[in-house]
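First listed ligand is number 1; within each ligand, the first listed atom is number 1. Side chains are part of it too, since the values below use all heavy atoms of this structure and drop only hydrogens, waters and symmetry mates.
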Amino acid sequence: MKVLVTGATGQLGALVVESLLKSIPASQIAVSVRDPRKAEHLSALGVDVRHGDFDQPESLEKAFAGIDRLLIISSSDVHNRIPQHKAAVQAAQAAKVGFIAYTSVSNAQDSALFLAGDHRETEKAIISSGIPYSFLRNNWYLENELGTVQAVANGAPWVTSAGTGRVGWASRRDYAEAAAIVLAGEGHDHSVYELSGKPLTQEELVAAVSEVIGKDVPVMKVDDETYGKIMSDAGVPDAVVPFLVEVQKAIRAGSLEVEISDFEKVLGRPVTPLNEALRAILNA
Ligand SMILES: NC(=O)c1ccc[n+]([C@@H]2O[C@H](COP(=O)([O-])OP(=O)(O)OC[C@H]3O[C@@H](n4cnc5c(N)ncnc54)[C@H](OP(=O)(O)O)[C@@H]3O)[C@@H](O)[C@H]2O)c1
């Protein structure tokens, strides 16, 4: 059996490979990356490093040759990822890959989250390919909040326009471990896994942050416009501010509230406790 991970020079992909290396021999692991020079450390460990660019479909068929099980990590190129992911699925078909795991998003099938459409289209393309699949519907990375956690540690208030909306934060490392388990394991054909931590409000997250950083953090509830202005004044680039505002709106609308999670079942252990995960990302 040979598995392949795309995006292995990205943050999630690197952790997936790290996890795979603990469970299967390096000789069974391949990665497909845009720049193989960035994966020389993996070659040194015996991982098969291949060139694959979602924007160069011809590179993908070659990259996926001889692969039994493929993990497509969703691309960070949010403006082009539907054709990119479709190219990857077509290449997997051409290379006769036997299984595709795909990192999707919570409730992709009917989510109103502004990012969900891309994942929905990709899931459809994978189903249409006829290749057995597993959809890893990841909730929010706790690491997304790192900048805010650092700001509040330096005395800023926790600013939010997300109201009482809840989020199933979990660490990137837990999502990566789940992906590695599904990729290297058996019994996951045609599965859809909702991977979420316990849904928490902003106040509940802030309580955990306060405990970890050892100081009280005031929560400042504002409307979207004020939130955007505060982010802008804090130095967030103009191009990023609307994205952050959309995230707050989506959280407020409940797009990241997942009550029944498959995380523990897939991991075979509880999700890393929030305080522990916060400490780990702050010390990384
Ligand atoms: N649920 C969440 O909270 C959350 C948060 C952030 C992101 N995400 C999603 O999860 C994915 C993985 O997260 P991450 O933290 O690992 O993000 P990341 O570090 O930005 O990694 C994204 C990966 O996509 C690869 N990529 C971009 N364009 C590509 C192309 N044309 N061909 C091949 N690969 C391409 C990048 O390749 P290079 O290594 O060559 O740059 C990188 O490895 C993201 O891409 C995004 O879709 C989810």
Side-chain angles (χ1 to χ4, degrees), residues 4-19 30-42 49-64 70-92 101-108 111 113-123 135-148 162 167-180 193-197 205 240 243-244 246-248 250-251 255-258 261 263 277 281 284:
L4 182 137
V5 180
T6 72
T9 43
Q11 300 166 93
L12 181 72
L15 293 173
V16 173
V17 175
E18 191 182 314
S19 183
V31 296
S32 160
V33 295
R34 282 196 287 194
D35 181 357
R37 282 170 307 180
K38 284 209 263 170
E40 277 169 3
H41 59 293
L42 296 178
V49 175
R50 303 174 176 193
H51 172 249
D53 188 327
F54 292 144
D55 289 327
Q56 298 168 22
E58 62 290 353
S59 70
L60 297 173
E61 197 178 324
K62 237 171 114 186
F64 299 167
L70 167 68
L71 171 64
I72 301 177
I73 292 191
S74 54
S75 167
S76 47
D77 183 355
V78 289
H79 301 296
N80 296 302
R81 61 184 174 177
I82 296 179
Q84 290 183 336
H85 295 166
K86 285 187 173 171
V89 175
Q90 272 175 16
Y102 170 66
T103 60
S104 186
V105 76
S106 299
N107 293 316
S111 172
L113 179 71
F114 64 107
L115 296 164
D118 297 355
H119 294 292
R120 197 156 41 238
E121 284 302 305
T122 306
E123 289 192 0
F135 297 147
L136 307 164
R137 290 184 171 172
N138 294 346
N139 202 307
W140 226 228
Y141 300 164
L142 189 55
E143 285 82 349
N144 296 344
E145 315 303 339
L146 180 59
T148 314
V167 179
W169 286 283
S171 69
R172 206 188 251 115
R173 193 170 276 281
D174 276 358
Y175 294 116
E177 191 176 323
Y193 295 128
E194 290 291 342
L195 303 177
S196 283
L205 175 64
V240 179
F243 177 90
L244 296 183
E246 285 305 316
V247 171
Q248 294 289 306
I251 294 173
S255 293
L256 293 170
E257 289 196 14
V258 173
S261 170
F263 225 159
I281 65 168

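Only the side chain of Lys38 comes within 4.0 Å of ligand 1, judged by heavy-atom distances. Only backbone heavy atoms of Asn139 (N, CA, C or O) come within less than 4.0 Å of ligand 1; its side chain stays farther off. Residue Asn80 does not touch ligand 1, judged by heavy-atom distances below 4.0 Å.
Interface of Trp140 with ligand 1, defined as ligand atoms under 4.0 Å from a residue heavy atom, comprises 3 (O). Below 4.0 Å from some heavy atom of Asp55 lie the following atoms of ligand 1, by number and element: 31 (N). In the vicinity of Gln84, heavy-atom distances shorter than 4.0 Å reach the ligand 1 atoms 31 (N). Numbered from 1 in the order shown, with element, the atoms of ligand 1 that lie under 4.0 Å from a heavy atom of Arg172 read 15 (O). Using a 4.0 Å cut-off to heavy atoms of Gly10, the atoms of ligand 1 that qualify are 16 (O), 19 (O), 21 (O), 39 (O), 42 (C), 43 (O).
A side-chain contact (heavy atoms from CB on, under 4.5 Å) with Ser106 is found for one member of His119, Glu257, Glu194 and no other, namely Glu194.
Contact between Arg81 and ligand 1 is present, with at least one heavy atom of the residue lying under 4.0 Å from the ligand. The shortest separation from a heavy atom of Thr6 to ligand 1 is not under 4.0 Å, leaving the residue out of contact. Contact analysis puts Ile73 in contact with ligand 1, with a non-hydrogen atom separation below 4.0 angstrom. A heavy-atom separation below 4.0 Å is not found between Val33 and ligand 1.
Distances from atom 47 (O) of ligand 1 to the heavy atoms of Gly13, Gly7, Ser74 show the closest one on Ser74.
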For this session: Give the intermediate values and the outcome of side chain to side chain contact (heavy atoms under 4.5 Å, CB included) for residues Leu4 and Arg50.
Result: CA-CA 9 Å; Leu4 182 137; Arg50 303 174 176 193; 4.1 Å; yes
Exercise. Side chain to side chain contact (heavy atoms under 4.5 Å, CB included) between Leu42 and Thr9: does it pass, once the steps are laid out?
Worked result: CA-CA 10 Å; Leu42 296 178; Thr9 43; 5.8 Å; no
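Using a 4.5 Å heavy-atom threshold, the side chains of Gln84 and Asp77 count as touching.
Once rounded to the nearest 0.5 Å, the distance linking CG of Leu136 with CZ of Phe263 reads 9.5 Å.
Using cut-offs of 30° and 60° for the angle between ring planes, the Phe243 and Phe114 rings count as perpendicular. Ring orientation note: the planes of Phe54 and His85 are nearly perpendicular, at an angle over 60° on the 30°/60° scale.
Ser74 and Thr103 form a side-chain donor-acceptor contact under 3.5 Å, judged by distance and modelled atom types alone.
Closest heavy-atom contact between Tyr175 and Asn139: OH-C, 3.2 Å.
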